Structure formats: C-alpha cells, structure tokens
Amino acid sequence: MGQRGRESFQELIDWLKREYMEKMAWVGEYNMEELSELFCEGICGTRAFRSWEKGNRALDWEVRKRIVERLGIGMKDYESFVGYDQYHKWKAKMKLLDSIVKEEDAEELLKVYKSRFVNTCKQEDGELSAVGRIEAQFCLSMEAQIRRGQGAGKEELSKLYGEALALTVPRVDAKPLIKRMLCVKELNLILEAEQYRREGERRDTYLEVIKYIEQSGGDRWNSVLLYPKAVYFLCRCVMAGAVEMDGDWGLPELHRYCGRAIELLRESQRMYFLWELLDTQEKIQRRMIEAFMSREEHQRAQALQVQHRQVLQWKECLEELYQEFGIRKETREYCFLYVEKGVFCYNDVIRIRRIMLGMSQEELCDGICSLRTLKRLERNQHRTHEDIVKEMFGRLGLPGDLIRTELITGKPKVRRYMAELRRLTGKREWDRAEELFKQVKGLLDMGVVCNRQAMIQNEVLIAWGQGKLNNAVFESRMKEALELTLPYEVMFTEGEKYLTYEEQICLMNMMLTMDEQGKEYLVCMRRLEEMYQPLIEERLHAAVASMYEFVMGNLSSSWGNRGNLDLADHFNEIILRGCLWYRRMDSVEVCLYGRWWNHAERVKKGIPTNIKLDGEKELRRCIILCEYSKQYFNAAFCKNKLEELSGKERLIY
C-alpha cells in the first residue's frame with residue numbers, strides 16, 4: 001500500500017524553468033547563466049538557489065513558494081505538508097486574511113503576526129533575511145488594505161505599496177517587466193502602487209502588466225487571479241479621459257479587453273472585480289450603441305444590444321445577491337492572492353493516519369527513525385528531516401511528495417488535462433471526458449499508486465455516467481480505488497481522520513449509489529463532517545474551499561433529503577457566504593437552489609419559517625448564474641423546475 005514519492009514537483013519546476021529560458025533567450029541580452037539569476041532576483045542569492053536546484057541544501061518554505069509562484073505555477077489544486085511551526089504561521093496568516101476580507105478589526109492580528117514572523121527574521125547585520133523580506137512585504141500589503149478601509153489618503157498608501165514592492169522587486173522601473181520574473185503578488189503590488197502614484201496613474205503601466213500576464217506562460221489560475229483587475233484598472237484609467245468611439249484606444253479596444261477578462265472569469269467560475277468589469281462593459285456598450293445608432297448602423301447596434309442585455313442581467317443579479325447578504329459588491333481587497341489552500345501539518349497527518357490504520361509507533365518508525373524521534377514528532381516537539389517524513393508517508397499509504405497534486409507527474413500539460421477532465425465530468429459530457437481520459441492515462445506512470453487511484457475513479461465515474469455500469473459495480477469499483485491507499489473499514493471507527501483529496505473523492509463517489517437513509521451513508525456523512533468542522537470553527541474555510549464545497553455541498557443536499565432542513569441550510573450558508581466573500585462562483589447557484597428547496601419543503605410540511613422566497617424569482621436567478629458560469633446542465637435543471645411552476649399561481653414561501 002505504501003508508495004515512495006517521485007521527484008515530480010522538482011521535475012515540474014525544472015520543466016518550467018527550461019521553457020521560460022527558451023522563451024527569453026531569443027532576446028539576446030542574457031545568456032542562460034544570467035537568465036537563471038532571474039529566478040531568485042530580489043529573493044535570495046544565486047549560490048543558495050543553485051545549491052537548492054542541485055539538491056544540496058534546503059530553502060525555507062516561504063522562499064521555495066515564491067520561486068514556484070514566479071515560475072507561474074498556481075497552487076490552487078496542490079496539497080502541501082509542512083512542519084508544526086510553519087503550520088501555525090499558516091493558520092495565523094489565514095485568520096488575518098479572513099478578518100480583512102470580512103472587514104473586521106484586523107490591526108491586532110497583523111501586529112501579532114509581524115512581531116512573530118517578521119521581527120524575528122533579522123540577520124546578524126540587522127538586515128532582513130530572504131524569508132523576512134517576503135513576510136515584511138506581506139505585512140505591508142495587508143497594512144495598506146487595512147488603512148485603505150480606514151480612509152487613509154493617497155500619499156500614505158503610495159508609500160506603503162512602494163515599500164512593499166521594493167522588498168522583492170528593487171528598482172521596478174529599471175527595466176521592462178517582461179525581462180523580469182514576477183509572481184502575481186508582485187504584479188498586484190505594481191498595480192496598487194500605480195493607482196496611488198503621486199504623479200497620477202499611467203495607462204502604459206497597466207498595459208504592461210496585462211501583456212506580462214498574457215506572455216509569461218503561467219497557468220490559467222494565475223491569470224484569473226490578476227488579469228481582470230489589471231483590465232479594470234486600465235479601462236478606468238483610459239475612461240477617465242475623453243474616450244472616443246474610434247482610434248487606437250477607442251471604446252471597441254476597451255470592449256475587447258473587458259470581454260476577455262469576463263470570459264476568463266466565466267471559464268474559471270470566479271468573480272474577482274466582476275461587478276466592476278460588468279459595470280464598465282455595460283457603460284462602454286451603451287456608448288457604442290448610441291454611436292452606432294447615430295451613424296445609422298442599426299444592425300451592429302442591435303447585435304450589441306443583445307450582449308448589453310446579458311451583461312446588465314448579470315450585473316443586476318450580482319448586485320441583488322451581494323445586497324441580500326450584506327457583502328460589498330466591489331472587490332476592494334485582494335486577500336484571495338494570499339490564500340494558501342490545502343496546507344496540512346505533517347506532524348498531525350502522521351499521528352492521525354497511524355492511529356486510523358491501527359499501526360503502533362514501533363511499526364511505523366521501524367527502519368526509518370528512532371521511536372523517540374517519532375514520539376517527539378507526533379507531540380509537535382521536534383522538527384524532522386523531510387526524508388524521514390516522506391518514508392513515513394509511504395508506509396502510511398500516502399504519496400511521498402510534500403508538495404503535490406492529485407497526480408504524480410512532471411508534465412504540466414497533464415495538470416491542464418485533468419482540470420479539463422474534471423470540468424467535463426462535472427458537466428456530464430461523458431463522451432468527451434472519455435476521450436480526454438484516454439490521453440491523460442497514456443501520459444502517466446501507472447505504477448504510481450495515487451496515479452492508478454485517480455485513473456480508476458475517473459474511468460469508473462465516466463463509465464457509470466455513460467450507463468455502462470450498474471450501481472453495484474460502480475460502488476464496488478470505487479471501493480477498489482479507495483482501498484489502494486486506505487481500507488474502507490476505517491471510516492466506521494471513531495476518532496480523527498485524514499483522507500487525501502483523492503480518497504475523499506472516491507468516498508463521495510461511493511456514496512452516490514448508497515441508500516441515503518441507510519446507516520452506512522449516515523456514518524460516512526458524520527466522518528466527513530468531523531473532518532471539516534474544526535477548520536470551519538477556526539475560520540480556515542477559504543483554505544479548503546474547493547473540497548469543502550464539494551463534500552459539504554453534497555452532504556447539505558443529503559441532510560435536506562433526510563428532513564434536517566436546518567442543518568442543510570447551515571452548511572449552505574457557510575458555503576454561499578464563503579463564495580461571496582472570496583469571489584468564487586463554484587457553488588452559488590447550487591446553494592441558492594438548495595435554500596429555496598428547503599423553504600419549499602418547510603411550507604409543504606407546515607414548518608414555520610421567518611422569511612419569504614419567490615419561487616419564480618429564485619429559480620430565474622439560479623438560471624442566470626448557471627449560464628454565467630457555463631453550468632448549462634444545472635441551468636437546464638432549473639429551467640425544468642421553473643416550468644413546473646408555470647401555469648400555477650405564483651408560489652411565494
């Protein structure tokens with residue numbers, strides 16, 4: 001059951017580095033040795049970086065992360081395992097971000113964070129270490145957001161953002177951005193510093209950031225984090241002047257940029273600066289329609305009017321939703337850039353997993369380390385060498401990489417294919433999913449257990465969706481996939497649980513064909529709830545958002561079907577508010593539909609309720625949001641429900 005981790009993450013870094021160098025070498029201004037220095041410029045010395053590349057020394061977690069981010073790797077779907085000290089720092093950071101997002105008093109949290117993780121990072125010469133500069137940049141960035149919310153002036157904010165940027169990007173104007181290697185956090189600071197620039201903002205700076213994002217070769221998730229903001233800043237800057245219908249920077253050019261940004265958000269089911277972009281696009285379209293009509297270009301005007309109505313509909317729907325839940329419609333903060341998802345403490349994971357599997361400490365550490373080392377590790381009293389942790393992970397049925405995705409591979413295109421495969425299965429496009437599945441499988445090392453597990457569960461899900469498997473075979477095959485790394489029986493024991501993302505997906509798929517009213521299903525529900533409840537209580541929801549929405553969204557529906565409508569609404573609201581706060585569209589329409597369904601059930605059963613919902617209005621809103629995020633299967637479902645209401649007296653609950 002154990003599996004030794006491959007060097008897949010390092011392979012991925014090496015591949016991206018080579019790709020970047022090949023793309024930049026044609027400029028002719030750098031040789032390969034000089035290009036290598038771009039990877040650590042402003043962060044750490046080239047000697048330390050090259051030593052890490054060769055595997056001769058370790059770099060601090062924060063430094064490694066920044067280098068990875070500069071390589072254009074979005075950490076959205078990674079699971080990362082860190083020691084207890086790094087994990088406590090991560091928790092402190094997530095709680096600070098959550099307070100800023102929710103516009104709570106975050107000053108004290110920032111003060112404590114700075115005293116613990118910045119002031120302690122000074123070297124003998126009094127200068128900040130590489131880690132210290134990264135942490136100081138984070139703190140200055142957070143301070144600027146807090147002070148902006150308190151009404152700070154342009155000069156103060158310009159100073160804060162300028163100081164933050166200079167910590168890792170010295171002399172930003174010394175050379176074009178495309179000749180640098182920057183991550184989205186650094187590019188964001190460039191945007192913020194520009195909008196508060198004492199001499200006034202410059203269109204060309206925003207355009208340079210946009211071009212950098214388009215040309216840098218980073219993954220799609222990195223682009224969606226910042227491209228919409230850069231486009232909005234560009235449009236706002238240009239439209240502050242006199243923008244004409246024609247010309248190099250006329251309305252059509254801005255319209256195209258807005259359209260690209262909105263489309264990127266739709267594809268990614270995100271809402272970063274979405275309201276601002278829709279508002280801008282709606283104004284641009286209105287002016288363009290007026291210009292077309294004045295020229296008697298009626299056909300062009302009519303075509304644009306169709307788009308205009310759609311944009312206006314999306315905008316008004318968003319405004320209603322944010323107003324209803326008391327959340328600001330504008331994207332005023334950018335904490336989503338700093339949210340680190342899927343971070344786990346390997347000390348806890350080792351202890352929990354060992355107990356889950358009924359393994360003694362002696363059995364786990366035999367041939368790996370001393371019993372004393374393991375005991376201290378499980379008590380968070382000892383920092384353990386990563387090689388020891390990897391060996392233990394293998395013995396516990398876990399992949400050996402401490403930074404990993406669902407698949408062990410050094411091929412970036414496999415990650416892109418898997419993201420598309422998840423999208424296709426989510427939309428029930430089974431035949432297209434099957435074709436893509438075959439491509440992915442052909443690119444993987446199937447001797448790696450977690451690869452085989454992921455491929456089995458996807459193959460079984462697709463075949464079941466196509467009607468090729470009955471429920472009994474489907475559940476049996478999913479159990480087979482789960483038990484490649486974890487015995488199913490452990491779900492029926494009491495106590496803490498740790499399941500990898502892939503194991504959770506296998507379990508959730510098994511539950512699709514279980515009797516929802518049965519004991520087995522209820523036990524699985526309880527275990528999954530127990531896994532996530534501590535994270536919700538500690539306000540770490542944003543750090544597990546995707547899996548929480550997938551797992552608890554399904555369980556919310558199940559609780560509703562079992563008649564526990566209050567619990568279903570409770571989980572629904574956590575998910576819905578989390579989506580709105582962190583500008584995610586993934587589960588908004590599903591939660592709105594679930595809320596309406598629960599209230600409809602209360603009315604049918606005579607259960608008192610304090611609020612009224614207009615069934616037709618709620619379903620139409622669900623349809624609008626489904627179509628925005630291209631969830632056409634869900635849109636069709638809601639349209640069918642709406643048709644069931646047609647011809648009847650309008651239902652208000």
Side-chain angles (χ1 to χ4, degrees), residues 1-10 52 55-65 75 78-95 116-117 120-121 131 340-404 408 449-450 485-487 490 493-504 527 530-532 534-535 538 540 543-544:
M1 187 167 66
Q3 51 186 295
R4 185 59 194 258
R6 307 302 202 267
E7 294 300 320
S8 58
F9 192 69
Q10 186 60 51
W52 172 63
N56 296 331
R57 63 168 290 178
L59 286 177
D60 186 273
W61 168 245
E62 294 295 339
V63 178
R64 276 189 288 174
K65 265 194 313 184
M75 301 293 283
Y78 276 81
E79 292 176 88
S80 304
F81 299 86
V82 298
Y84 65 90
D85 50 350
Q86 192 68 44
Y87 185 70
H88 288 314
K89 181 165 79 168
W90 171 78
K91 286 173 65 175
K93 180 177 287 187
M94 294 305 103
K95 291 177 181 179
R116 292 181 61 189
F117 305 119
T120 57
C121 288
V131 177
E340 299 165 18
K341 300 177 182 177
V343 177
F344 302 92
C345 177
Y346 60 63
N347 305 71
D348 293 338
V349 169
I350 288 171
R351 172 182 54 79
I352 293 169
R353 190 81 170 192
R354 177 184 64 77
I355 295 171
M356 280 174 62
L357 297 175
M359 189 181 296
S360 69
Q361 290 180 321
E362 290 80 3
E363 288 174 313
L364 177 57
C365 69
D366 184 36
I368 298 177
C369 65
S370 68
L371 179 61
R372 180 171 178 268
T373 295
L374 176 57
K375 286 182 176 180
R376 294 181 66 194
L377 183 148
E378 290 191 356
R379 293 173 187 160
N380 291 343
Q381 296 175 338
H382 183 61
R383 293 190 66 178
T384 305
H385 196 281
E386 287 186 1
D387 286 344
I388 292 176
V389 175
K390 291 176 182 179
E391 290 280 359
M392 290 184 181
F393 270 32
R395 195 163 286 181
L396 294 168
L398 302 171
D401 279 345
L402 299 188
I403 305 176
R404 64 169 186 255
I408 300 294
V449 177
C450 64
T485 57
L486 183 72
V490 303
T493 60
E494 299 288 341
E496 292 180 278
K497 298 285 182 290
Y498 171 77
L499 276 68
T500 66
Y501 286 172
E502 199 61 38
E503 289 167 347
Q504 292 178 54
R527 295 294 175 266
E530 290 164 2
M531 283 177 54
Y532 282 101
L535 292 171
E538 292 193 73
L540 298 173
V544 293

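In this text the structure is predicted, and so the values were computed from the model without any measurement. Keep in mind that the numbers below use all heavy atoms, side chains included, and drop hydrogens, waters and symmetry copies.
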Visitor: So, using side-chain hydrogen bond (donor to acceptor under 3.5 Å, both in side chains) as the criterion, who are the partners of D85 when residues are at least two apart?
Guide: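 Scan of D85 (side-chain hydrogen bond (donor to acceptor under 3.5 Å, both in side chains), adjacent residues dropped) gives R383.
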Visitor: With sequence neighbours excluded, what pairs up with Y87 under the ring pair (Phe, Tyr, Trp, His ring centres under 6.0 Å) test?
Guide: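 Partners of Y87 by the ring pair (Phe, Tyr, Trp, His ring centres under 6.0 Å) criterion, ordered by chain and then number, come out as W90.
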Visitor: For the CD atom of E503 and the CG atom of L486, what is their distance to the nearest 0.5 Å?
Guide: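 With rounding to 0.5 Å, CD (E503) is 4.5 Å from CG (L486).
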Visitor: Walk me through it: do L374 and I350 pass the test side-chain contact (heavy atoms from CB on, under 4.5 Å)?
Guide: CA-CA 9 Å; L374 176 57; I350 288 171; 4.1 Å; yes
Visitor: So, do I355 and E496 sit near enough that their side-chain heavy atoms are less than 4.5 Å apart?
Guide: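 Answer no - side chains too far apart.
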Visitor: Quick one: pull up SG in C345 and CD in Q86 and give me the separation to the nearest 0.5 Å.
Guide: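 The CD atom of Q86 is 10.5 Å from SG of C345, to the nearest 0.5 Å.
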Visitor: How long is the straight-line distance from CD1 of I388 back to CD of E386, given to the nearest 0.5 Å?
Guide: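 One finds 11.0 Å between CD of E386 and CD1 of I388.
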Visitor: With sequence neighbours left out, what residues match T373 under side-chain hydrogen bond (donor to acceptor under 3.5 Å, both in side chains)?
Guide: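 If we apply the side-chain hydrogen bond (donor to acceptor under 3.5 Å, both in side chains) test to T373, skipping adjacent residues, the hits are S370.
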Visitor: Give the C-alpha distance, both sets of side-chain angles, the deciding distance and a yes or no for side-chain contact (heavy atoms from CB on, under 4.5 Å) between R395 and D366.
Guide: CA-CA 10 Å; R395 195 163 286 181; D366 184 36; 4.0 Å; yes
Visitor: Quick one: closest heavy-atom pair of E363 and G358, and the distance?
Guide: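 Heavy-atom minimum between the residues: OE1-O, 4.2 Å.
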Visitor: Restricting to side-chain contact (heavy atoms from CB on, under 4.5 Å), what partner residues turn up for R116, sequence neighbours left out?
Guide: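 Result, side-chain contact (heavy atoms from CB on, under 4.5 Å) vs R116: V112.
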Visitor: Give a yes or no on whether the backbone of N380 and the side-chain of N347 come within a donor-acceptor separation of less than 3.5 Å.
Guide: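 Checking the backbone N and O of N380 against the side chain of N347, no donor-acceptor pair under 3.5 Å is found.
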Visitor: Within the 4.5 Å heavy-atom criterion, are Y346 and Y84 side-chain neighbours or not?
Guide: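 When only atoms from C-beta onward are counted, Y84 and Y346 do not touch, as no gap falls below 4.5 Å.
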Visitor: What pairs with E362 under side-chain contact (heavy atoms from CB on, under 4.5 Å), at least two apart in sequence or on another chain?
Guide: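 Once residues adjacent in sequence are excluded, the partners of E362 under the side-chain contact (heavy atoms from CB on, under 4.5 Å) criterion are S360, L371.
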Visitor: List in chain and number order the residues that pass salt bridge (Lys or Arg N to Asp or Glu O under 4.0 Å) with E340, two or more places apart in sequence or in another chain; answer none if no residue qualifies.
Guide: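 Once residues adjacent in sequence are excluded, the partners of E340 under the salt bridge (Lys or Arg N to Asp or Glu O under 4.0 Å) criterion are K65, K93.
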Visitor: Return the CE to CZ distance between M531 and R527, rounded to the nearest 0.5 Å.
Guide: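 The CE atom of M531 sits 12.0 Å away from the CZ atom of R527.
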Visitor: If you measure from CG on L364 to CD on E391, what distance do you get to the nearest 0.5 Å?
Guide: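 Reported to 0.5 Å precision, the distance equals 10.5 Å.
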Visitor: Among residues at least two apart in sequence or on other chains, which ones pass side-chain contact (heavy atoms from CB on, under 4.5 Å) with Y498?
Guide: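 Only E79, F81, F344, V349, I352, R353, L398, R404, T500 meet the side-chain contact (heavy atoms from CB on, under 4.5 Å) criterion with Y498.
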Visitor: List the residues meeting side-chain hydrogen bond (donor to acceptor under 3.5 Å, both in side chains) with E378, not counting sequence neighbours, and say none if there are none.
Guide: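 Per chain and number, E378 pairs via side-chain hydrogen bond (donor to acceptor under 3.5 Å, both in side chains) with R354, Q361.
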Visitor: Within the structure provided, determine whether T485 and E502 are in side-chain contact (heavy-atom separation under 4.5 Å).
Guide: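 No, their side chains stay 4.5 Å or more apart.
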Visitor: Sequence neighbours excluded, which residues qualify as salt bridge (Lys or Arg N to Asp or Glu O under 4.0 Å) partners of K497?
Guide: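 By the salt bridge (Lys or Arg N to Asp or Glu O under 4.0 Å) rule, K497 matches no residue at all.
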Visitor: According to side-chain hydrogen bond (donor to acceptor under 3.5 Å, both in side chains), who are the partners of K91, at least two apart in sequence or on a separate chain?
Guide: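 So K91 forms a side-chain hydrogen bond (donor to acceptor under 3.5 Å, both in side chains) with E538.
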Visitor: With D348, which residues qualify under salt bridge (Lys or Arg N to Asp or Glu O under 4.0 Å), at least two apart?
Guide: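 By the salt bridge (Lys or Arg N to Asp or Glu O under 4.0 Å) rule, D348 matches R351.
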